[in-house]
Amino acid sequence: MMSDQISSGNSSEPKAGNSALGGTRDYLALLKPRVMSLVIFTALVGMVAAPGPITNWPLALISLLAIAVGAGASGALNMWWDADIDAIMSRTKSRPIPAGKVPRAEAFGFGLFLSCFAVIILALAANYLAAGLLAFTIFFYAVIYSMFLKRATPQNIVIGGAAGALPPVVGWAAATGTAPLEAWALFAIIFVWTPPHFWALSIYKVGDYEAAGIPMMPNVQGLVSTKKQILAYSLLLAPIGVLPVFFDMAGWGYGAVAVLMGIWFVWRALFLLRQPEGAPTDKAAGRLFGFSLLYLSSLFAALLMEHWAGLHL
Amino acid sequence: MTEVDKKTESAKTDKAEEGSLDSNRAQAAKPQDDFFAAGHGVPTGETQALTPEEEKARRRRNFALAFGIIAFLFLVYAISMLRMAEAVR
């Protein structure tokens, strides 16, 4: 179970870094490139799914670049704040700050500079609504999630998931200057997808989270409760995944993908629930984690293809 | 209180103040969080020479910073041009 000692801040310092040794790769790693690629993809889908054609592609691409840089900046700020726990966890201990390649202060400056850069560029290239939403996303991830939620509650990724779910809304706002209910349907898909995705990861990395004192669901409420909650969120996600069809921004091609992948997601969650503790559970959780990435990519790719095929105006 | 007593008392107070100052200095010099420690820097007069590898790394980083600033300027210029072209159309 969850250890009593939850780290209250950056008390244990990671290895002191030499400020001169950080190379370009280390600074790029601070931006969490894999998360960035998902953000670029979902923001692009938000842009393309928005009503009306994109009339100015160069400006749209610059907006996309700004959204990507904003996502990277929030990643750098997250690494700045979480350097102490990153040094403990096997998944994160090779990150540039705990590895001693980039000093914390520089990661902070880098993240702050890029945040301002991204928001200003998006305001100029798109509009103030998109820029405001991007600024809020960065603030929510770096401050609300990283500084307050992550070490305080097992609901950390449930609430914090809002930051990861905002990029399609930012993309939509960048393309149209508005953020209607349809855009929030895309938000809802990622928002409800986040808990089963991260809890699956935290099941087979439970030792890491326990050692770092992060109150993830498996080490606070136990494995069985986590598996049940994963199933509950999967059951909620399956119908939410079909929402774009009812908002007239997706056709039945997308609908078929969403239904099939939704059923598959629920089946995987059920399979995980039935596994005994230990290696079978870890294996099933690993597979669910991998599948959750495929689920989100498939849905958004289907939406993108339908719009590029000219099936929707 | 005799004159001697007064002097002893005064010396004690001085020592206490000195001790408090030392403690403040120690507090200021105490290595704290990397980020916030900058505000408590106590000059020591020591300097540290960079190794050739570190100097190269610093030069690379300076170029990267310059690139970042130039990219920002270029983007602002490009956005302005694109927006003006859009308005003309």
Side-chain angles (χ1 to χ4, degrees), chain A residues 9-28 30 54-63 65-66 69 72-73 77 80-81 83-84 97 100-114 116-127 131, chain B residues 20-89:
Chain A
N10 297 284
S11 50
S12 66
E13 271 299 295
K15 201 161 61 177
N18 187 324
S19 62
L21 284 176
T24 315
R25 272 187 196 174
D26 301 311
Y27 284 88
L28 281 178
L30 278 179
I54 293 172
T55 51
N56 198 331
W57 269 104
L59 276 181
L61 288 177
I62 292 173
S63 302
L65 173 79
V69 171
L77 291 173
W80 159 68
W81 185 257
D84 57 337
I97 303 175
K101 291 172 182 165
V102 176
R104 284 188 65 220
E106 280 191 17
F108 176 74
F110 187 57
L112 211 58
F113 168 76
L114 288 184
C116 298
F117 176 95
V119 172
I120 292 170
I121 291 295
L122 192 59
L124 293 173
N127 51 66
Chain B
S20 161
L21 275 175
D22 283 348
S23 134
N24 285 346
R25 278 186 201 129
Q27 185 70 25
K30 202 169 88 180
Q32 296 186 6
D33 184 83
D34 258 4
F35 174 63
F36 296 105
H40 298 280
V42 177
T44 60
E46 290 173 27
T47 54
Q48 191 184 348
L50 296 180
T51 64
E53 192 187 299
E54 286 171 338
E55 272 183 5
K56 267 185 200 168
R58 186 169 66 175
R59 201 172 305 128
R60 276 201 305 270
R61 203 176 43 189
N62 288 345
F63 276 118
L65 278 170
F67 174 78
I69 293 165
I70 290 166
F72 180 77
L73 291 175
F74 173 75
L75 279 174
V76 172
Y77 175 76
I79 290 165
S80 306
M81 289 298 124
L82 286 165
R83 282 213 172 275
M84 278 194 263
E86 205 174 41
V88 168
R89 275 202 300 269

Colleague: Any idea which heavy atoms bring B/Glu86 and A/Asn56 closest together, and the distance?
Modeller: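 Shortest heavy-atom separation between B/Glu86 and A/Asn56 comes out as OE2-ND2, 3.2 Å.
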Colleague: Does any N or O in the side chain of B/Arg83 come within less than 3.5 Å of the main-chain N or O of A/Leu124, such that one atom is a donor and the other an acceptor?
Modeller: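 It does hold such a pair.
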Colleague: Below 4.5 Å from any heavy atom of chain B, which atoms of A/Leu114 appear? Answer side chain, backbone, both or neither.
Modeller: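 No part of it gets close to chain B.
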Colleague: Say you draw a straight line from CH2 of A/Trp57 to CG of B/Leu82; how long is it, rounded to the nearest 0.5 Å?
Modeller: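 CG of B/Leu82 is found 14.0 Å from CH2 of A/Trp57.
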Colleague: Side chain, backbone, both or neither: which part of A/Ala118 has an atom under 4.5 Å from a heavy atom of chain B?
Modeller: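 Nothing of A/Ala118, per the 4.5 Å heavy-atom cut-off to chain B.
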Colleague: Quick one: pull up CZ in B/Arg60 and OH in A/Tyr27 and give me the separation to the nearest 0.5 Å.
Modeller: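 Reported to 0.5 Å precision, the distance equals 11.0 Å.
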Colleague: Nearest 0.5 Å, what's the CD1-CG distance between A/Ile120 and B/Leu75?
Modeller: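 Nearest 0.5 Å value for the CD1-CG distance: 12.0 Å.
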